Chemist: 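Got a structure here, written out as structure tokens. Questions coming.
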Number of protein chains: 2
Amino acid sequence: MERETSPQRWPMDEEDIPADVRTARPGRALLSSSMVGSANRGRVLQTLFDLGPTSRAELARLAGVNRTTISGIVQPLLDQQVLVEGKPIRPSEAGGKPARPLWFSPEARPICGMMLMPDAVQTCLVTLAGTISAEESVRFPAENPTLAEVTRAIEQATKKTLSAAHREPLGIGVAVGGMVDTDRRAVIAVNLAPVMNGFELGDMLTRRFGLPALLDHHPRALLVGDRWFGKGRGMQNFAAVYTGEVLGGALYLGGHLYRGQSGAGGELGHTFVQVDGDLCACGRRGCWETIATVGWLRRQARAIGIDAPDAINSARLVALAGAGVPGAASLLDLYARNVAVGIANLQQTVAPNFYILHGDVVGGGEIMAEAIAGHVRALVPSRSGGEIRFAIGETEDRAALLGAAGLVLSELLQFPL
Amino acid sequence: MERETSPQRWPMDEEDIPADVRTARPGRALLSSSMVGSANRGRVLQTLFDLGPTSRAELARLAGVNRTTISGIVQPLLDQQVLVEGKPIRPSEAGGKPARPLWFSPEARPICGMMLMPDAVQTCLVTLAGTISAEESVRFPAENPTLAEVTRAIEQATKKTLSAAHREPLGIGVAVGGMVDTDRRAVIAVNLAPVMNGFELGDMLTRRFGLPALLDHHPRALLVGDRWFGKGRGMQNFAAVYTGEVLGGALYLGGHLYRGQSGAGGELGHTFVQVDGDLCACGRRGCWETIATVGWLRRQARAIGIDAPDAINSARLVALAGAGVPGAASLLDLYARNVAVGIANLQQTVAPNFYILHGDVVGGGEIMAEAIAGHVRALVPSRSGGEIRFAIGETEDRAALLGAAGLVLSELLQFPL
DNA sequence: AAATGTTTGTGCGAGCCTCATACTAACAAG
DNA sequence: CTTGTTAGTATGAGGCTCGCACAAACATTT
């Protein structure tokens, strides 16, 4: 039963986005009816992401609106093959017409996710349901590649991935292993690859492939990946914390990805936890990064005489501790506490109450996570109604690619009001 | 020329608020046309706060909307005597009809601000233009007053202040010198006054005086005071930092006051800057509070033999340093750095880029502020487009009372979408 | 097999809001 | 006195959600 649909389109039609976003300077601009439409469309889709396949009636109940409103929002999306109706599901014992759950169509336009590392680029397609396909990976040629070589590698991977898409992707999201200017959509600095400093990758991709492109730094990408496709699904407040050779994080506060001006903030690795402490790679002393990265772990492992200290990480440390290797258990505990210190500070500052751990500690599994959680709870004064929860993120490259795609999704769903 | 106005009321009609706020669970609930009205009304008023007296045409230009829209929003507010038209202002050389600036009417309903300290309560009326009147202050009787005595003191001060109001106040905002549960509108804990722990002050005030009442902890009140009546006017991102006997802070991020669950967050004093450092009053070690409060300053002053070390504070320290007292200048510098450490961490974490200093350091004036600013800039890696600015807040009790009133205003203007 | 109750999803008109257009009012400059 | 410019207002159109009524599709009971 085709219903006459109004000419509205959902915000994922790329020509809509820039105009809407621009006119909707938050705090200044006023709202209009058409913006209400876009915003509600975004919210319905967001609820769908959060809950999985859901009927119109259920969506209406949850949103506290009339069923006709949901129908009106959803019908154009069905026409555009963004959504599909699933098989009718049995009504409850009370009877009634079977509900038709709505979910994202496999025919919906995918998102191109990209991970840019100092020595390689990885691309893929991500469906709105969160499945990854058409993965490509191209390493940069030499030791110190030129920007032209880097550009060529990126173009090559992107072109191949995009050619696998059945419909035009909604956009390209890029997770960058370094500092990013999200406004200019440019790389500010990538350690070990200074050639990329100032690289306006966003503009390059838009010019070359005619798609909207968004850049953000790696931890923020992990967070949005968690938010749409992972453990952060449906959450309104949480933080993602990445540990490894470096340390970073991102915040989702009040239902919005938090970005400071041009994407500042989240430089958790370089917050002070030990004034005048050890020298950090950044030149300052006592950064959290000096005590909660695998670099610290290696140094400690060597100091207490653990085998192959250069190959230590959370996974091995947990195994060694489990095997009763002398010193391993206490090192594990100390490492967990060091990680916990920074998380405790974050909790005291913005109190997200939920933390998704990424990077090295993921290898340590539940044991590592529980160790960290225990220390955080001990380090934060208890407060009524403020339970602190922890979760372990996806495996590393999957998390980054989903996250990169999530950047585009965040932009599309978080219609700024 | 009276225009027929629709029966809409601005959000400050108290019976509107609870319903609107409740239905507008962010991230879940959808928007409706009537909510657009409320939201836009709030935004226009917010813009008016930010810019001072402004004509309809100017408001329309800034908001990027039609002039008729502003007229439609503003007319009922004029009818209700929330706003008044000022004297026509001369047009520019180009000519044209003179603009009639709009501003808050002195006849508009005031806000009752309250500051609750361990040993006293202070109340006042605040107009929307930010002037304070009808100040009352009642100290609690004995050393360890009973809750009944505290309640009586609060009622007495409030009653007297409220009786001075020409129109029914919009609500009562309370700044509490302790931990607060903003959801339950209750005091969680006030140092030195354990009798207040668990005190459901918000309900008490609403029951007793029939007005909406909001509680928040002191630093957050300072922040909203700055936002609406002080140096934070018009800002979209900034932080308020209070130093003194204790240390606290609050964040305004993306045009919204940030609160964690039930008002958590902002416990900056108990973030770690020195793992395993000095013992803090909270029982942990190395809290920021151990190195950036006047307690630390007193200990250091005594250690280097400054006169009357127990009476030291930023004001005296600046004076001493100016007078060339040995050790004073370096102590000033060290104190400034200690304060700067925590601010640097905040900057690295959420990057508000603008800090308003409150409490003890205000006494140190520009010299103190510049010393802190210098250290922060040295401690934070520079980043393009990320200048860090500082300002000094209002004098202490004025800031707190304006802030308490600001809590009510924030709730009314920040219509949650 | 028929009747009853329940739930889903869809027209339809009403109400609220903003927008574009056209109009009047009030000023400056020539 | 005319022309140009800006402020504020009246009016009708278009978007959106809402409440109500209705058809469709099921379970349960009689």
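Quick caveat: nothing in here was measured; it's all calculated off a predicted structure. Residue numbers begin at 1 in each chain, while the letters A, B, ... track the order of the sequences.
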Chemist: Locate the shortest heavy-atom distance separating B:Gln46 from B:Leu413; write the atom from each residue and the value.
Modeler: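 In this case the closest contact between B:Gln46 and B:Leu413 is OE1-O, 3.9 Å.
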
Chemist: Give the nucleotide from the list C:dG11, C:dT18, D:dG15 with an atom nearest to the side chain of B:Ile73.
Modeler: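 Of the candidates, C:dT18 comes closest.
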
Chemist: How many whole angstroms separate atom CG of B:Leu59 from atom P of C:dT18?
Modeler: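 Checked: the CG to P distance equals 14 Å.
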
Chemist: Is the phosphate of D:dA7, meaning OP1 or OP2, less than 4.0 Å from a side-chain N or O of B:Arg61?
Modeler: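 So the side chain of B:Arg61 is within the cut-off, an N or O lying under 4.0 Å from OP1 or OP2 of D:dA7.
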
Chemist: Side-chain N or O of A:Ser71 versus OP1/OP2 of C:dT10: is the shortest distance under 4.0 Å?
Modeler: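 Indeed, a polar side-chain atom of A:Ser71 lies that close.
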
Chemist: Between A:Lys97 and B:Lys97, just flag the one whose closest nucleotide in DNA chain C comes earlier from the 5' side.
Modeler: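 The answer here is A:Lys97.
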
Chemist: Does the pair B:Asp203/B:Arg184 count as a salt bridge with the N-to-O cut at 4.0 Å?
Modeler: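 Not counted as a salt bridge, because no side-chain N and carboxylate O are separated by less than 4.0 Å.
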
Chemist: State which of D:dT17, C:dC17, C:dT8 makes the closest approach to the side chain of A:Ala99.
Modeler: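 Out of D:dT17, C:dC17, C:dT8, the nucleotide with an atom closest to A:Ala99's side chain is C:dT8.
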
Chemist: Choose from C:dT10, C:dT21, D:dT17 the nucleotide whose nearest atom is closest to any side-chain atom of B:Asn66.
Modeler: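 Nearest to the side-chain atoms of B:Asn66, counting from C-beta on, is C:dT21.
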
Chemist: Specify the residue among A:Ser34 and A:Thr69 whose closest nucleotide of DNA chain D lies further upstream toward the 5′ end.
Modeler: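 Comparing both residues, the 5'-ward one is A:Ser34.
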
Chemist: Under 4.0 Å: is that the gap between some side-chain N or O of B:Gln75 and OP1 or OP2 of D:dG8?
Modeler: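 The answer is no; no side-chain N or O of B:Gln75 sits under 4.0 Å from OP1 or OP2.
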
Chemist: A:Asp50 side chain to A:Arg233 main-chain N or O, any donor-acceptor pair under 3.5 Å?
Modeler: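 Flag not set: sc A:Asp50 to bb A:Arg233 has no pair under 3.5 Å.
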
Chemist: Under 4.0 Å between a side-chain N/O of A:Asn40 and OP1 or OP2 of D:dT17, yes or no?
Modeler: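 Answer is yes, contact under 4.0 Å.
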
Chemist: When you get a sec, tell me which of D:dA25, C:dC16, D:dG8 is the closest nucleotide to the side chain of B:Ser33?
Modeler: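 For the B:Ser33 side chain, the nearest candidate turns out to be C:dC16.
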
Chemist: What is the distance from CD1 of B:Ile70 to C1' of D:dT9, rounded to the nearest Å?
Modeler: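 Computing the B:Ile70:CD1 to D:dT9:C1' distance gives 14 Å.
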
Chemist: For the pair made of CG in B:Leu62 and P in D:dA7, what is the distance, rounded to whole Å?
Modeler: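 Result: 12 Å.
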
Chemist: Which whole-number value in Å describes the distance from A:Met35 CE to C:dC16 C1'?
Modeler: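 It is 17 Å, rounded to the nearest whole Å.
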
Chemist: D:dC26 C1' sits how many Å from A:Arg100 CZ, rounded?
Modeler: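 Going from CZ in A:Arg100 over to C1' in D:dC26 covers 13 Å.
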
Chemist: Would you check if the distance from the ring center of B:Tyr252 to the ring center of B:Phe354 is below 6.0 Å?
Modeler: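 No: the rings miss the under 6.0 Å criterion.
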
Chemist: From D:dT6, D:dA10, D:dT17, pick the nucleotide closest to the side chain of B:Ser32?
Modeler: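 Output: D:dT17.
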
Chemist: D:dA10 P sits how many Å from B:Arg67 CZ, rounded?
Modeler: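 My rounded result for the distance is 14 Å.
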
Chemist: Mind calculating the distance between CG (B:Leu102) and P (D:dG8) to the nearest angstrom?
Modeler: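 It is 7 Å, rounded to the nearest whole Å.
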
Chemist: Can you tell me how far P of C:dA26 sits from NZ of B:Lys87, to the nearest Å?
Modeler: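 The distance from NZ of B:Lys87 to P of C:dA26 comes to 18 Å, rounded to the nearest Å.
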
Chemist: B:Thr47 side chain to B:Arg43 main-chain N or O, any donor-acceptor pair under 3.5 Å?
Modeler: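 Answer holds: yes.
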
